[in-house]
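Comments concern the structure below.
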Amino acid sequence: MRCFVQRVMTDREVTTDLKQLIPDAAMRRRMSRVVKMAVSTAVECVGGVEQIDGLDTILTATGWGCLADSERFLRNLISEQEQLLNPTPFIQSTFNTVGGQVALLRHNHCYNVTYVHRGHSFEDALLDALMRAADGQGAQMLVGAFDEMTPSQHRIMERMGLFRTWKDGEGAVFALLTACQTEHSVAEVAGIDFPSEGLDAAAVHARYATDERTKVIWNDWSIAGCYPTASAQAFRKAVELIEQGTPEVIVYNAYQEASPAVIRVRWVG
Amino acid sequence: MQIVVSGVGVVSALGVGVEAHLEAIRAGRSGISKEPSVLRTTHRLPVGELRLTNDALKEQLGLPADQTVSRTALLGALAVREALADAGLQPHGRVGLVSATSVGGMDLTEHFFAPFMADDRSGRLRAVKMHDCAASTEWIAAQCGITGYRTTISTACSSAANALMTGARLIRHGVVDCCVVGGTDALSAFTLNGFKSLMILDSEPCRPFDEGRAGLNLGEGAGYLVLQRAEEVENPYCTLAGYANRNDAHHQTASSEQGNGAFLAMQEALQVAGVEPDAVSYVNVHGTGTANNDRSEGVAMRRLFGDRVPPFSSTKGFTGHTLAAAGGVEAVFSALMMRHGMIFPNLHFTTPIAELGLTPVQQLCEGVDLRCVVSNSFGFGGNCSSVVFTK
């Protein structure tokens, strides 16, 4: 199974005005920070809001979901003793909010799924995209990952001792993928694997590399910090390396205690 | 490649296991109680609550009472264990698990949060370790010995139907040989208050598809199915012949007037199954009992089936709305109805919705030959999914 990367970008690369990316003012107002961050990255990635019309697959991935809204609703529930609560943060707290909002922007009725499997949510979404492509249902696919930091999440994970080695992180990464190669294809997603045990760099190379110039990159959280779907940042970096001339890049992701996930990205030639 | 259901497991307000469910449904006994007894809340609203404490659930799983586990994971493990035993399947490295949840470990987090709000050095960290959705999936997999590919899906109330769909596709594409699919969600103060704040909870037992319906009753539960290739199974419940996921793309929480998402999901799922709408024997509707859902779903059925809408019922009068688990619980119900030749009734119905004129099955039917069953699950974010089972 394979598919092609037309474009991939992170929230830090979004340059278009938010009002253009999310034209509906009421929608913008209700969106939390992470939803705005992810939806704006998604819209810029597909090339503007009208381009949502052409999508036949919308896949999102998140480890934590919309934490700030979940927390806001929970805090209100506790402090107001379950009385007269504002439903907006509850409505916006569901894990599929970002995928739903992207579809809603242009009333796109296509396939729309959200994977929430901690450290390999992004790889799960990519695997789904590969299956869609293989089935002839993935002509234009949007696949993205997002997670947000909040003060409470930071404090709790700090107490768990998780930031002794790595700094906390957050971010959104979206990719526009196609089943067929086009003149705009910048890389090929050549495969995904979920090995049953951890591998070192030599083992990763031996098992997955098909070229002696293949680079193996570790999801080491140096790009945007440590968060569940940070491997999407490493995927972004892999595509960049391909664009700079590396024929093949293997992204190896072992987030905390999770079982590893491997993405193989190749030059399109 | 034909994919069949080889085992099922279910937990809900009706009890633990298939037998408890069949017995309650045959007796016409609803699991909806007047108010919560296990869940800690100030609300006195009817809920579909499994009247067993977490300690009692742990005991059933042979676990010590002091182990911190989310209720979502406990419910899920009981249902997955039953499904695997029912299929006679010993998990191995090529058996996968696709599990759905929307609540995750929120039942533990909400107890952690009150002391944490007062002082950020307080609150037992053990209680938030299971907050994320994947925690329940991984814990269930470990309990049941599932070591193959595992993932978690969360698309609100359509989640488990999507888990069925993903599981079937994983088998088709050779990612796994066999897959346990379904969903689990426990009652939590978070979701009860969420739906309360949206003013869509009925203060009486829910009345799906009734003109006077006034909202849903929240429920909890877990429903899982074992999916395998047809040639590996001797006496399957049914074939998972079709599935589709479409988005209503109308509003974050409300369904469209025309029932677009529901219509497209049912239509495509039947196309995938290669079944004409006329050949559908029964529809297990999403039928939450809210004014908006039932009207929208009814419009979609009228659009698809015209004046020949097949027998249909919502089973939420028995279980309440089990959110992300609903698609799993109701897929298990669909498989059971097909095997036993039954149609589970739609409780508390008196008057059809005037503009639709649709009357659900109100009495338990036995001795029916169900050749093709459609099960619907719709959710926030516009997610609409339908699955089709055939015999």
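In what follows, chains carry the letters A, B, and so on, assigned in the order in which the sequence lines appear, proteins first and then strands, with residues in each chain numbered from 1.
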Between B/Phe116 and chain A, which part of the residue has a heavy atom less than 4.5 Å away: side chain, backbone, both or neither? side chain
Value for OG (B/Ser102) from CG (A/Asn96), rounded to nearest 0.5 Å, stands at 9.5 Å
So which residue, B/Arg121, B/His131, B/Glu110, ends up with the most heavy-atom pairs under 4.5 Å with chain A? B/Arg121
What are the residues of residues 153-161 of chain A, in order of number, with any heavy atom under 4.5 angstrom from a heavy atom of chain B? A/Arg155, A/Ile156, A/Arg159, A/Met160
Contact winner vs chain A - B/Thr151, B/Leu198, B/Asn260, heavy-atom pairs under 4.5 Å: B/Thr151
CG/B/Asn193 to CZ/A/Phe73 distance, rounded to the nearest 0.5 angstrom? 5.5 Å
Please state whether the side chain, the backbone, both or neither of B/Val98 comes within less than 4.5 Å of a heavy atom of chain A. neither
Specify which of A/Glu71, A/Met27, A/Gln81, A/Arg106 makes the most heavy-atom pairs with chain B at under 4.5 Å. A/Glu71
Does one side chain, of B/Thr41 or A/Glu82, offer a donor that lies under 3.5 Å from an acceptor on the other? yes
Contact origin within B/Ala265 toward chain A - heavy atom pairs under 4.5 Å: neither
Less than 3.5 Å apart, any donor N or O on the side chain of B/Gln252 or A/Gln92 sitting next to an acceptor on the other? no
Which bit of B/Ala244 comes within less than 4.5 Å of chain A, counting heavy atoms only: side chain, backbone, both or neither? neither
Please classify the contact of B/Arg150 with chain A as side chain, backbone, both or neither, using a heavy-atom distance under 4.5 Å. both
Side chain, backbone, both or neither of A/Glu123 within contact of chain B (heavy atoms, under 4.5 Å): neither
Heavy-atom pair count under 4.5 Å with chain B, highest-scoring of A/Leu85, A/Asp193, A/Asn86, A/Thr60: A/Leu85
Rounded distance [0.5 Å steps], CD in A/Gln83 versus NZ in B/Lys196: 6.5 Å
Per-residue contact mode, B/Leu170 against chain A (heavy atom under 4.5 angstrom): both
Side chain, backbone, both or neither: which part of B/Leu264 has an atom under 4.5 Å from a heavy atom of chain A? side chain
Distance-only donor-acceptor check, side chains A/Asn112 and B/Asn245, under 3.5 Å: no
Which region of A/Leu127, side chain (C-beta onward) or backbone (N, CA, C, O), has a non-hydrogen atom less than 4.5 Å from a non-hydrogen atom of chain B, or is it both or neither? side chain
Indicate whether any N or O donor in one side chain lies under 3.5 Å from an N or O acceptor in the other, for A/His117 and B/Thr152. yes
If you apply the rule side chain to side chain contact (heavy atoms under 4.5 Å, CB included), what do you find for A/Tyr111 with B/Met165, and how did you get there? CA-CA 11 Å; A/Tyr111 181 79; B/Met165 185 166 175; 3.5 Å; yes
Between A/His109 and B/Arg246, is there a donor-acceptor pair closer than 3.5 Å when you use the side chain of the first and the backbone of the second? no
Side chains of B/Tyr149 and A/Asp124: donor-acceptor distance under 3.5 Å anywhere? yes
Do you see a donor-acceptor pair shorter than 3.5 Å between the side chains of A/Asp135 and B/His173? yes
Between B/Asp132, B/Thr137, B/Thr101, B/Asp120, who has the most heavy-atom pairs with chain A when the cutoff is under 4.5 Å? B/Asp120
Interchain contact, B/Met106 with chain A, by part (heavy-atom threshold 4.5 Å): side chain
Ignoring hydrogens and angles, state whether a donor on the side chain of A/Tyr115 or B/Thr166 is under 3.5 Å from an acceptor on the partner side chain. yes
From the list B/Gly123, B/Gly261, B/Ser99, B/Ser256, the residue making the most non-hydrogen contacts under 4.5 Å with chain A is B/Gly123
